[in-house]
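Heads up, the thing below is written out as structure tokens.
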Amino acid sequence: MTLRNIILLLFTVLAAGTVSAEEITFDTQEAWSGISGRNVSVKDGALQIRGRVTLVSKKSFDIDPGKTYTLTGSFKSADGESAKLYFGFSQFDKDGKNIQTINTDTIPWTDTVLLKPVKATDKILVVGNAMKWKKFSTCVIAYNTSSDFKDLPNFNILETPVKATRKKNAQEWEIVLARSAGTDLPAGTKIRQHGGKGAGEMYTGGYLNTSDQWQTLTGSASGKLLKGFSFRQWAPGTVKAKVCIRVNWNNSKAATEMKDIKLTIK
């Protein structure tokens, strides 16, 4: 084989191994759910969103942990009213359930088991160990858990804060809840604490406070977590996602313009 043929062959192999990036744009009103003629209009090629609105793209896309998903967009105040904006993804499992922070954000060393059955009206859980349990309002309780985290994403959630923990003896602790458990659970049920109540979606693109100047947000996600929640890696169990933007989140009187919303997958 001549040198020329070898070089041509190498170029052919390299070209075959090169995968072009996929781009999806979201610059029309039709690209989004959560909006209507009452809260959206088009101005100079940009979408103008009025009031506190959560935008979710109608189009979903498959998640391949080996690929990189880069989200970009530009935003500004349309009326001089500054407002907070969050930019990222909504994640979904194989059944189409929306994966929130509380479904996967495990708190280390809180896996334990119920030693006694729990009634929906009970405010005390009797467990094997609660040494590392947290008394934070942002924590929830997941049940039917697994120590290998194969239960994630876990949608069996008690959104009940822990008021106190008490060690009764070497094998028994009490977890005092701020309010009733809300469901019946048998003895032997495995539970753990999860965090992130109120955090919600995967804000890969970050957040900003709008001003009268255009500001650009960008962020990328790749890979998949075994447990926990991240803005840079997909949550356990994620198979599809949509773009999600929370607009005017702290100011329902504000109006925000947005343009050049684009997802690049490569």
Side-chain angles (χ1 to χ4, degrees), residues 19-28 31-35 45-49 52-78 82-93 98-106 138 152-153 194-211 213-251 254 256-266:
V19 179
S20 60
E22 177 186 359
E23 289 190 351
I24 307 173
T25 58
F26 305 89
D27 282 335
T28 65
W32 301 97
S33 59
I35 58 178
L47 289 178
Q48 184 178 113
I49 311 299
R52 191 171 188 257
V53 179
T54 298
L55 304 177
V56 179
S57 65
K58 292 179 181 178
K59 182 178 179 63
S60 65
F61 41 91
D62 296 331
I63 296 304
D64 179 346
K67 294 183 177 181
T68 299
Y69 297 73
T70 301
L71 190 60
T72 59
S74 295
F75 309 91
K76 71 182 287 289
S77 171
S82 177
K84 191 174 288 292
L85 177 144
Y86 297 88
F87 189 36
F89 299 108
S90 291
Q91 304 174 90
F92 301 90
D93 74 352
N98 182 206
I99 301 172
Q100 299 279 304
T101 314
I102 59 174
N103 304 123
T104 66
D105 189 19
T106 58
T138 54
L152 302 177
H194 286 191
K197 182 180 178 182
E201 308 294 351
M202 179 185 182
Y203 299 120
T204 300
Y207 66 92
L208 55 74
N209 289 300
T210 57
S211 70
Q213 301 296 314
W214 285 104
Q215 300 178 70
T216 298
L217 287 175
T218 185
S220 297
S222 62
K224 188 178 288 187
L225 297 167
L226 170 66
K227 58 185 175 67
F229 197 91
S230 167
F231 291 169
R232 298 291 177 258
Q233 290 179 276
W234 301 103
T238 301
V239 298
K240 286 184 178 293
K242 295 181 177 182
V243 176
C244 177
I245 312 176
R246 290 188 169 174
V247 188
N248 306 320
W249 208 242
N250 64 336
N251 188 348
T256 293
E257 292 184 56
M258 65 183 203
K259 65 178 182 179
D260 302 329
I261 311 299
K262 181 176 68 174
L263 174 66
T264 303
I265 306 171
K266 64 179 180 179

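- To the nearest 0.5 Å, atom CG of residue Asp62 and atom NZ of residue Lys240 are 3.5 Å apart.
- Heavy-atom minimum distance, Ser230 versus Met202: O-CG, 3.5 Å.
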Could you walk me through whether Asn209 and Ser82 pass side chain to side chain donor-acceptor pair (under 3.5 Å), step by step?
CA-CA 6 Å; Asn209 289 300; Ser82 177; 4.7 Å; no
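- No donor-acceptor pair closer than 3.5 Å links the side chain of Thr72 to the backbone N or O of Thr218.
- Taking Lys76 as the reference, Trp214, Glu257 meet the side chain to side chain contact (heavy atoms under 4.5 Å, CB included) condition, with sequence neighbours excluded.
- Across all non-hydrogen atoms, the minimal contact from Ala78 to Gln48 is CB-NE2, 3.6 Å.
- Partners of Ser211 by side chain to side chain contact (heavy atoms under 4.5 Å, CB included), not counting sequence neighbours, listed by chain and number: Gln213, Gln215.
- In this structure, the side chains of Ile245 and Leu85 come closer than 4.5 Å at one or more pairs of heavy atoms.
- No more than 12 heavy atoms of other residues, nucleotides or ligands lie within 6.0 Å of NZ in Lys262, so this atom counts as exposed by the packing criterion.
- Panel note: side chain Asn251, backbone Asn248; no donor-acceptor pair is recorded below 3.5 Å.
- Ring-centre distance between Phe89 and Tyr69: not below the 6.0 Å cut-off.
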Derivation of the side chain to side chain contact (heavy atoms under 4.5 Å, CB included) call for Leu217 and Tyr86:
CA-CA 10 Å; Leu217 287 175; Tyr86 297 88; over 6 Å; no
Sequence neighbours left out, cut at 3.5 Å: what donor-acceptor pairs do the side chains of residues 220-228 make with other protein atoms?
| from | atom 1 | to | atom 2 | distance (Å) |
| --- | --- | --- | --- | --- |
| Ser220 | OG | Thr70 | OG1 | 2.7 |
| Lys224 | NZ | Thr238 | O | 2.6 |

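- Counting all heavy atoms, side chain and backbone alike, Gly196 lies closest to Ile102 at C-CG2, 3.7 Å.
- Annotation: side chain of Ile63 is not in contact with side chain of Gln91 (no heavy-atom distance under 4.5 Å).
- A donor-acceptor pair under 3.5 Å links the side-chain atoms of Asp27 to the main chain of Asp260, judged by distance alone.
- Shown here are the side chain to side chain donor-acceptor pair (under 3.5 Å) partners of Asp93, two or more places apart in sequence or in another chain: there are none.
- With sequence neighbours excluded, no residue forms a ring-ring contact (aromatic ring centres under 6.0 Å, His included) with Phe229.
- Proximity of Glu201 to Asn98: side-chain heavy atoms (C-beta onward) are separated by under 4.5 Å at one or more points.
- Remark: side-chain polar atoms of Arg232 are paired, donor with acceptor, to backbone N or O of Thr204 under 3.5 angstrom.
- To the nearest 0.5 angstrom, Thr138 atom OG1 is 9.0 Å from Lys197 atom NZ.
- The shortest side-chain heavy-atom distance between Lys59 and Phe61 does not fall under the 4.5 Å cut-off.
- Under the rule for a ring-ring contact (aromatic ring centres under 6.0 Å, His included), the partners of Trp32 that lie at least two apart in sequence or sit in another chain are Phe26.
- In terms of heavy atoms, Ile261 sits closest to Gly73 at CD1-CA, 3.6 Å.
- For the pair Ile265 and Ile24, the tightest heavy-atom approach, listed with the atom from each and the gap, is CD1-CD1, 4.4 Å.
- For the atom pair Gln100 CD and Asp105 CG, the distance stands at 12.0 Å (nearest 0.5 Å).
- The shortest non-hydrogen separation linking Met258 to Leu55 is CE-CD1, 3.4 Å.
- Contact check for Trp234 versus Ile99: no side-chain heavy atoms found under the 4.5 Å cut-off.
- The aromatic ring centres of Tyr207 and Trp249 sit 6.0 Å or more apart.
- Between Cys244 and Thr54 the shortest side-chain heavy-atom distance falls below 4.5 Å.
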